[in-house]
Amino acid sequence: MKMTLEDTRAVLSPFAILFPLPTQANGDELVAIWHSLLKEFYRADVMLASRRLAAKLTRFPYPADLIQEMAGAPCVGVQAGTQSAALQSIDTRLTFIELQLKRQAAEVCACDEDAPVLSPKDA
């Protein structure tokens, strides 16, 4: 079962008791932001990761903390393979984007062979 808004609230509640909330955070707004990031994950995976994080962290968690905790642990959700595949797909897309950026940067930095080369004394 995927995360619901109430599940997200249940994940954040213990952290709100253990640690001070971020100063700029409004409770309902905070839950809505977290839910928008966690709604595609399975409840069992998120709950397990949040319990592990509660034992590790000394501050209120960031969404990335929880997602990284899930990425580093075996998934227990009904369709656990789907999350692993999704994370691999994200890694693949990021690698592709990184290669595109490197290629574009190389093209921008490459000198046109027909263009005159200016020396410092020509400037």
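Here the structure is a predicted model, which means the values were calculated and not measured. All values below come from the heavy atoms of this structure, side chains included, with hydrogens, waters and symmetry mates left out.
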- Rounded to the nearest 0.5 Å, what separation is found between the CZ atom of R43 and the CD atom of E6? 11.0 Å
- Query: Say you draw a straight line from CG of L12 to CD1 of I17; how long is it, rounded to the nearest 0.5 Å?
  - Reply: 11.5 Å
- Message: Donor-acceptor check, side chain of K2 to backbone of E40, threshold 3.5 angstrom: yes or no?
- Response: yes
Donor-acceptor pairs are to be reported for all side-chain atoms of residues 28-38 against protein atoms at under 3.5 Å, with residues two or more places apart or in another chain.
| from | atom 1 | to | atom 2 | distance (Å) |
| --- | --- | --- | --- | --- |
| H35 | ND1 | T4 | O | 3.4 |
| H35 | ND1 | T8 | OG1 | 3.1 |
| S36 | OG | I33 | O | 2.6 |

- When clusters are formed by joining ILVMFWY residues with side-chain heavy atoms under 4.5 Å apart, either directly or through shared neighbours, do F19 and V11 land in the same one? yes
- Message: Could you measure the distance from the CG atom of L18 to the CZ atom of R59? Nearest 0.5 Å is fine.
- Response: 13.5 Å
- Query: side chain to side chain contact (heavy atoms under 4.5 Å, CB included) between Y42 and M3: does it pass, once the steps are laid out?
  - Reply: CA-CA 6 Å; Y42 288 94; M3 289 291 290; over 6 Å; no
- Going by heavy atoms in the side chains, are L53 and F15 under 4.5 Å from each other? yes
- Item | Sequence neighbours excluded, every pair satisfying salt bridge (Lys or Arg N to Asp or Glu O under 4.0 Å) that has a member inside residues 14-27 | none
- The side-chain contact (heavy atoms from CB on, under 4.5 Å) partners of A10 (sequence neighbours excluded) come to M47
- Task: Looking only at non-hydrogen atoms, find the nearest pair between S50 and L66 and report the distance.
- Result: N-CD1, 3.5 Å
- Roughly how far, to the nearest 0.5 Å, is OH of Y62 from CD1 of I67? 14.5 Å
